[in-house]
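This report refers to the structure that appears directly beneath it.
Because the structure is a prediction, the values reported are computed rather than measured.
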Amino acid sequence: MSNRLMFEQASPLLTRLEKAGYDAYYVGGAVRDFLLDRPIGDVDIATSALPEEVKQVFSKTVDVGIEHGTVLVIWQGSGYEITTFRTESDYKDFRRPEKVSFVRSLEEDLKRRDFTINAMAMDRHGKIIDPFNGKSALKMKQIKTVGPAEERFSEDALRMMRAARFASQLGFHLHHETKESLSRCSHLLEHIAVERKLTEMDKLLAGKETAAGIRVLLEGKLTAFLPGLAGKDSQLENLLSYDLMPLTVRQKWLFLLVLFVPDNVHDWLKAWRMPARRIKYLTGTYEWFLRSPKETWSDFSLYETGLERAADIEEVSALIAGRPSHAEALHRRHEELPIKDRKELAVTGKELKEWKNEQGGPWMKSFLEMIERAVVEKKVENSKEKIKEWLKACNLL
Ligand code: ATP
Ligand code: MG
């Protein structure tokens, strides 16, 4: 959906709030991305109405974060977060504030936001409210804190990682004061929950200018306070010598593992508090990476590894070897495999027992493995009769 259409669809929400006597604006990332002509994510709305007042204006609402002033409004099938103008105070331990106070002024609300490019608002007619010169920062491709950087990073240390991820997402550079404050404040990242760091790291790795983001982590000495990255600056520098553009986020994490060679891959990923499924996938893929052939894949190794993993390994291997990736060819070859999974095999232990007239036992496993390989390698067709014939021809029945 086009950006303009997204705002148009949300526009009646602003009208309704205004009709009820409140101020309401689009704010944050949506305004920034609209001005940059990038696809916008969510349309966030800020209002002078208190959460209870927002709930009176709309019939379908969900309390998603009412203590922070956010109400989710369901409007024509879509959800919109409407947040009451607020200031933040009592930042404890350099992380999110303990207390928020609702205010009636937009400017106060914009002031608590992290960077000038994120501190603009837009009314429903498209007029931009920009008290901190966010527009000119956009023009200069600059990431600059609203107010003194050291103060803002001390309030919430995660903002330092957000600076790095915006550098990667937008390809922007940091304003010098913002940049210089990083190394002085980086130790405050110790107080930040790893889950929040992971979210920002994933967004950084997803950005089109990943190298720029990583450079911010390095130059700002943030790496010392990120799981598994402390003491790895030279490996990260090495990472920057590659063109990371073709890699997906998952492949970039795999590449980090390949460059870092952690003693225990599982623990390294666990330190990032990744969900168990992600850890399992990456640990397994890394193990396959270490033992897989790097340029040629037999049908059977492609089958065993699975397409997703094989493609991830192939992209990273190709990047390291400085050769073109054969991932597309792997896709085609995987399509053509007679079976994709052992479950698709036309025979099971039941048939084998009947055919051999024998009790079940360990022999069945090796038989099935042999049949599986022969089917994948197209030595025998995947049907009961053909497999039976083939076993006979091999003198196994
Ligand atoms: P994205 O496109 O990735 O969602 P975004 O700018 O919308 O980018 P969000 O994390 O969704 O980022 O935050 C929405 C807005 O809230 C930001 O634009 C910013 O104004 C404000 N914000 C978010 N996190 C912080 C923070 N830690 N400190 C201050 N302001 C913040
Ligand atoms: Mg957002």
Side-chain angles (χ1 to χ4, degrees), residues 25-46 68 81 83 85-89 91 94-97 100 106-122 128-186 188-189 192 196-197 199-210 212-222:
Y25 298 90
Y26 306 114
V27 280
V31 178
R32 176 199 68 221
D33 291 340
F34 170 70
L35 292 173
L36 284 173
D37 208 13
R38 292 173 84 234
I40 58 178
D42 322 295
V43 173
D44 289 327
I45 294 167
H68 300 111
E81 286 197 349
T83 305
F85 296 156
R86 60 177 209 226
T87 57
E88 295 177 343
S89 50
Y91 291 90
F94 319 102
R95 44 194 146 106
R96 279 189 287 210
V100 305
L106 169 68
E107 192 150 330
E108 279 295 305
D109 180 90
L110 295 177
K111 204 167 150 188
R112 60 135 177 125
R113 294 173 183 272
D114 49 5
F115 304 109
T116 61
I117 54 170
N118 291 341
M120 289 179 276
M122 184 166 86
I128 303 291
I129 295 92
D130 179 20
F132 307 105
N133 296 320
K135 239 175 155 176
S136 79
L138 281 184
K139 226 175 249 154
M140 291 188 285
K141 297 181 180 270
Q142 192 177 68
I143 299 163
K144 181 175 188 253
T145 53
V146 174
E150 235 175 288
E151 201 178 303
R152 302 312 310 281
F153 291 154
S154 306
E155 287 169 359
D156 181 356
L158 189 76
R159 289 171 187 157
M160 293 185 277
M161 284 210 72
R162 289 175 56 86
R165 77 110 147 151
F166 286 119
S168 166
Q169 275 183 334
L170 307 172
F172 282 20
H173 62 273
L174 270 57
H175 176 268
H176 65 91
E177 191 229 345
T178 299
K179 188 169 160 180
E180 276 164 19
S181 304
L182 289 177
S183 46
R184 281 196 296 278
C185 299
S186 57
L188 301 175
L189 273 176
I192 299 295
R196 295 179 76 203
K197 292 178 180 171
T199 303
E200 294 304 326
M201 190 64 180
D202 277 329
K203 289 187 177 179
L204 188 158
L205 293 178
K208 65 177 179 4
E209 301 279 352
T210 304
I214 290 180
R215 203 154 275 299
V216 174
L217 298 182
L218 280 168
E219 289 174 358
K221 312 230 175 317
L222 306 186

Mind listing the side-chain donor-acceptor pairs of residues 129-138 below 3.5 Å, one per line with the distance, residues two or more places apart or on another chain?
unit_1	atom_1	unit_2	atom_2	d
D130	OD1	N133	N	3.2
D130	OD1	G134	N	2.6
D130	OD2	G134	N	3.3
D130	OD2	K135	N	3.0
S136	OG	N133	O	3.3

Could you list the residues that satisfy side-chain contact (heavy atoms from CB on, under 4.5 Å) with [X], not counting sequence neighbours?
X: A212; result: E209
X: S168; result: L204, T210
X: D202; result: L198, V249, W253, R278
X: S183; result: K221

Should we say atom NZ of K141 is surrounded by more than 12 heavy atoms from elsewhere, each under 6.0 Å from it?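 No, the 6.0 Å shell around NZ holds no more than 12 heavy atoms from other groups.
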Can you tell me if R184 uses its side chain to pair, donor with acceptor, with the backbone of E150 under 3.5 Å?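 Not at all, since once roles are kept as given, no pair shorter than 3.5 Å links the two residues.
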Ignoring hydrogens and geometry, is there a side-chain-to-backbone donor-acceptor pair from T145 to T178 under 3.5 Å? no
Residue pair Y25, D109: steps toward the side-chain contact (heavy atoms from CB on, under 4.5 Å) verdict: CA-CA 11 Å; Y25 298 90; D109 180 90; over 6 Å; no
Restricting to ring pair (Phe, Tyr, Trp, His ring centres under 6.0 Å), what partner residues turn up for Y26, sequence neighbours left out?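 With sequence neighbours excluded, Y26 shows a ring pair (Phe, Tyr, Trp, His ring centres under 6.0 Å) to F7, given in chain and number order.
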How long is the straight-line distance from [atom2] of [Y] back to [atom1] of [X], given to the nearest 0.5 Å?
X: T199; Y: R162; atom1: OG1; atom2: CZ; answer: 10.5 Å
X: T116; Y: R113; atom1: OG1; atom2: CZ; answer: 13.0 Å
X: E177; Y: K144; atom1: CD; atom2: NZ; answer: 7.5 Å
X: K179; Y: R215; atom1: NZ; atom2: CZ; answer: 9.5 Å
X: S186; Y: E219; atom1: OG; atom2: CD; answer: 13.0 Å
X: R165; Y: Q169; atom1: CZ; atom2: CD; answer: 4.5 Å

What heavy-atom pair brings [X] and [Y] nearest, and what distance separates the two atoms?
X: P39; Y: D33; value: O-OD2, 4.0 Å
X: I143; Y: F115; value: CG2-CD2, 3.6 Å
X: R86; Y: H68; value: NH1-O, 2.9 Å
X: M160; Y: L182; value: CG-CD2, 3.5 Å
X: H173; Y: M140; value: CE1-O, 3.0 Å
X: R196; Y: D156; value: NH2-OD2, 3.5 Å

Step by step, would you call K197 with E200 a salt bridge (charged side-chain N to carboxylate O under 4.0 Å, His left out)? CA-CA 5 Å; K197 292 178 180 171; E200 294 304 326; over 6 Å; no
Before giving the answer on side-chain contact (heavy atoms from CB on, under 4.5 Å), spell out for R112 and V100 the whole-Å C-alpha distance, their side-chain angles and the decisive distance to 0.1 Å. CA-CA 11 Å; R112 60 135 177 125; V100 305; over 6 Å; no
side-chain contact (heavy atoms from CB on, under 4.5 Å) between R32 and L170, intermediate numbers included: CA-CA 10 Å; R32 176 199 68 221; L170 307 172; 4.1 Å; yes
Determine, stepwise, if the pair L110 / V146 fulfils side-chain contact (heavy atoms from CB on, under 4.5 Å). CA-CA 9 Å; L110 295 177; V146 174; over 6 Å; no
